[in-house]
Every structure is written in C-alpha cells, then in structure tokens.
There are 2 protein chains.
Amino acid sequence: MRWQELDQVDCPISRALSLVGDRWTLLIVRDCLLGVKRFEGFQMSLGISRTILRDRLAHLVAAGVLEQRPYQDRPVRFDYVLTGKGRALQGVMLMLADWGRTAVSGQPETQVRTFHTSCGHVLQPYVACADCGEEVLGKDLRTIRQVAS
Amino acid sequence: MRWQELDQVDCPISRALSLVGDRWTLLIVRDCLLGVKRFEGFQMSLGISRTILRDRLAHLVAAGVLEQRPYQDRPVRFDYVLTGKGRALQGVMLMLADWGRTAVSGQPETQVRTFHTSCGHVLQPYVACADCGEEVLGKDLRTIRQVAS
DNA sequence: TAAGTGAGTTTAGTTTATGGACTGACAAAA
DNA sequence: TTTTGTCAGTCCATAAACTAAACTCACTTA
C-alpha cells in the first residue's frame, strides 16, 4: 500500500496518520504550540530542509490544521497558526511528550518541563473517560469494527 | 538535520518521534494493541512492503518497544509483542484515534469503535492532570526549558 | 511426491529527502 | 546610492528510503 492511500482505510488512527504521520509534521505542530509562526522560525528550530518545510506547511494548510495569516504585503508573508483542528492535537502531543520523557532511554534527562498552571504542578498527563471520569486502562478497552447492516 | 539525529535533541517530543515518528511504526503499534503478533499478520493488515516491515520490527525490538517471543524452532519464528514501554503508547494511540475520528474530514464516518467496558460507553478520551484530576486545557499549560545552573 | 506456509532476502526501479546555491522583493545602514 | 540584511521561497544534483515482485529456506500437511 502507498502511504497516500492510508486516508481511505476505515480506521481513525490510519486517517490521523495520513495527515500527521510523516517524519516532520508533528514537530512542526509542536513548534506551533510553542509559538513559532514563520517559515524561518520553523526552519531554524527544526534544521529541516527548506523544500520539505514548504511541502509540509502546504499540506497542513490544505488539511485545515494550520491557516495562513498575512502579516505584510509587498511581498506577501504569512504567519502559520493552528486552527481549532490543529489545537485539538494538544492531547496527542502531551501524551507523546510524556512517553518520550519516561520511555526513551539512553539520553540525559530532558530539561523541558510542562507546568499545569491551574494547579501549579509539573504536568503528569493521563487519559480519562469523558463518561465516567476514570483513568482509561488497556484492560478496560474493547475495539470493534461494526459491520454494515 | 537528519532524522536520525533527532534523539539527541533536548525535547521529549523529538525523542519520542525519533522512535515512533516515521511512516509506518505507529500503525504497527496499533496492530499490536489489537492483537496482531506475526510478520504475515502485519504485512497483510498494513499492505506494507516486506523490506520495510522487517526494518521497522527490528527497530522497535532494538528500542525496547516490542519483544520477540519464539513460538517454534526449526525454523525459529517469533511473535512480536509489546513490552511495558510499548503498552505505554496506548494513551498516545487513544488521543490520536480520537483526533482522527473527529478532525479528519472528507471520508465516510469510521465504523471502528472503542468501548470503555468498565462504564459501558463508547470511549471519549481526554487528557487529565495526575495532580489535580482536572481536564488539561491548552491555556493552563506553560512549557519551559530549564537552563543548566 | 507435491503443494503450502511463514518469515524473511534480493533485486531493480521509483519516489522522497537533503544540502546548498540561487532568486526576488523589500528594509535599514553606511 | 550602494551595500548589506531579511524573509520566504525555488532549483538542482546527489543520497537515502521505499515499493513490488520474485526468490529462498526450513519446514508441514495432503
């Protein structure tokens, strides 16, 4: 299967990854969440090649994850900012960062910390269920594919 | 920057993505969470080319996300199963699936559903703070890089 | 003996990514 | 007014990654 066909697959993870599952896209989203807005900002932060950056930004805009906001004319220059759809990736990023902090070994401990300002602690995120409010554990999940009737 | 250098960057998201941020790896993890264990199983489920599958499985084993469990000798054949570190990706996958379900448009609604069996509802996951138990909202986060003293 | 299975490996061709130089429209400094 | 700088690209040649299909090897089952 080609990567581009992934959005056709009936699985929410496949569809998500068809938009943000390639090598640099989630790092661009991370930078956006931290306030980076401009082409040169992403390029310096990531060290990515300019061709790829152009391509990824265009894809994210086309997918509705980022939007372009002109900040000058002559020549037209854009800020790239997250849409609601883009900001909705925050939860994914928090869980991913948590995994990277605890599970990836062999490197000195990261100095990056995220604080939950409303309670004052360093954030330790977990996934909870909107219906019962309990932490979601693997043993309590059952995933099914409903067959069309 | 080369992709391989990403694990050197002092950022938990970079480190996480240096292990699971390429085009097929998270789909392999998804299949593992759903019970797929063998080479042919992944290959058929994903339609991935066999060369890449070999490479990705070897990387995941080397990174300690999967482990090999022999299920026969002559010839030796392995099941690939998630380690604790691999199972710890469940939260990332749940948030990613939720985003894929709600944010990726242009396709018919997915028929895949995950139930939270302990409360009986279709799972709607959110990220909560382990200290205060409240839902984590973007406006309540502050991320800093501590400077070495 | 013949066919099948599971997990790869090999090969050849295609696609993507990389780093560096280059462009174009301006702004600010000398 | 010439020079330097900035920002957001584009172009190009090389390098790396990916794909599909065929092939191998050690068995097992009919």
Side-chain angles (χ1 to χ4, degrees), chain A residues 1-9 14 17-29 31-32 35-63 66-81, chain B residues 1-9 14 17-29 31-32 35-63 66-81:
Chain A
M1 189 186 324
R2 294 283 174 72
W3 183 261
Q4 282 74 17
E5 301 164 33
L6 259 192
D7 64 345
Q8 310 290 329
V9 176
S14 288
L17 291 174
S18 75
L19 295 190
V20 299
D22 62 40
R23 278 197 150 91
W24 295 103
T25 299
L26 282 179
L27 289 174
I28 293 174
V29 172
D31 277 5
C32 290
V36 178
K37 292 188 178 125
R38 298 190 183 169
F39 191 92
E40 295 293 315
F42 296 113
Q43 210 278 319
M44 284 197 299
S45 161
L46 300 175
I48 189 176
S49 75
R50 307 175 77 80
T51 323
I52 302 296
L53 179 56
R54 174 88 257 285
D55 178 76
R56 294 295 188 273
L57 288 172
H59 267 92
L60 286 169
V61 169
L66 295 182
E67 62 181 345
Q68 294 180 303
R69 295 216 187 125
Y71 69 88
Q72 69 170 40
D73 303 325
R74 291 188 315 280
V76 186
R77 292 286 183 258
F78 298 101
D79 282 335
Y80 293 90
V81 301
Chain B
M1 189 186 323
R2 295 282 173 74
W3 182 260
Q4 283 73 17
E5 301 164 35
L6 259 192
D7 64 345
Q8 311 290 331
V9 176
S14 289
L17 291 175
S18 74
L19 295 190
V20 300
D22 61 40
R23 280 198 148 89
W24 295 103
T25 298
L26 282 179
L27 289 173
I28 293 175
V29 172
D31 277 5
C32 289
V36 178
K37 292 187 178 123
R38 299 191 182 168
F39 191 93
E40 295 293 316
F42 296 113
Q43 210 279 317
M44 284 197 299
S45 161
L46 301 175
I48 190 177
S49 73
R50 308 173 76 80
T51 322
I52 302 298
L53 179 56
R54 174 88 256 285
D55 179 76
R56 294 295 188 272
L57 288 173
H59 268 93
L60 286 169
V61 169
L66 295 183
E67 62 181 345
Q68 295 179 302
R69 294 214 187 127
Y71 68 87
Q72 68 170 38
D73 304 324
R74 291 191 312 282
V76 186
R77 290 289 182 255
F78 298 101
D79 282 336
Y80 294 89
V81 301

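So you know, we letter chains A, B, ... as the sequences are listed, proteins then strands, and number each from 1.
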OP1 or OP2 of C:dT18 under 4.0 Å from side-chain N/O of A:Trp24: yes
CG-CD distance between B:Leu60 and B:Glu67, expressed to the nearest 0.5 angstrom: 12.5 Å
Nucleotide D:dG9, atom C1' - distance to OH of A:Tyr71 in whole Å: 12 Å
Residue A:Arg77, side-chain heavy atoms: nucleotide from D:dA26, C:dG19, D:dC7 that is nearest: D:dC7
Phosphate OP1/OP2 of C:dT16: any A:Gln4 side-chain N/O under 4.0 Å: yes
Interatomic distance, A:Trp3 CH2 vs D:dA20 C1' [rounded to whole Å]: 18 Å
N/O (side chain, B:Arg23) to phosphate O (OP1/OP2, C:dA17) under 4.0 Å: yes
5'-most by nearest nucleotide on DNA chain C - A:Asp55 or A:Asp73: A:Asp55
Sugar-phosphate, base or nothing in reach of A:Phe42, heavy atoms under 4.0 Å: nothing
5′-ward residue of the pair A:Glu5/A:Phe39 relative to DNA chain D: A:Phe39
Residue whose closest nucleotide on DNA chain C lies nearer the 5' end, A:Arg2 versus A:Ile52: A:Arg2
Side chain B:Arg54 and base C:dG8 donor-acceptor under 3.5 Å: no
OP1 or OP2 of D:dA21 under 4.0 Å from side-chain N/O of B:Gln43: no
Approximate separation, where rounding is to 0.5 Å, of B:Arg77 CZ and B:Gln68 CD: 11.5 Å
Cationic tip of A:Arg38 above A:Tyr71 ring, under 6.0 Å, 45° of axis: yes
Side-chain donor/acceptor of A:Gln72 to backbone N/O of A:Pro75, under 3.5 Å: yes
DNA chain D: 5'-proximal contact among A:Pro75 and A:Thr51 (nearest heavy atom): A:Pro75
CZ-CZ distance between A:Arg54 and A:Phe39, expressed to the nearest 0.5 angstrom: 7.5 Å
d(NZ, A:Lys37; P, D:dA8) in whole Å: 13 Å
Atom-pair distance (CD on B:Glu40; C1' on C:dG6), nearest Å: 5 Å
Under-4.0 Å side-chain N/O to phosphate OP1/OP2 contact, B:Tyr80 with C:dG6: no
Atom-to-atom span, CG of A:Asp79 to P of D:dC7 - whole angstrom: 12 Å
Donor-acceptor pair present, B:Arg50 side chain and C:dA7 base, under 3.5 Å: yes
From B:Ile28 atom CD1 to B:Phe42 atom CZ, the distance as rounded to the nearest 0.5 Å: 6.5 Å
Protein-nucleotide distance (B:Met44, atom CE; C:dT5, atom P), rounded to Å: 10 Å
Separation of D:dT19 C1' from B:Ile48 CD1 (nearest whole Å): 11 Å
Gap between atoms CG and P, on A:Asp22 and D:dA16 respectively (whole Å): 20 Å
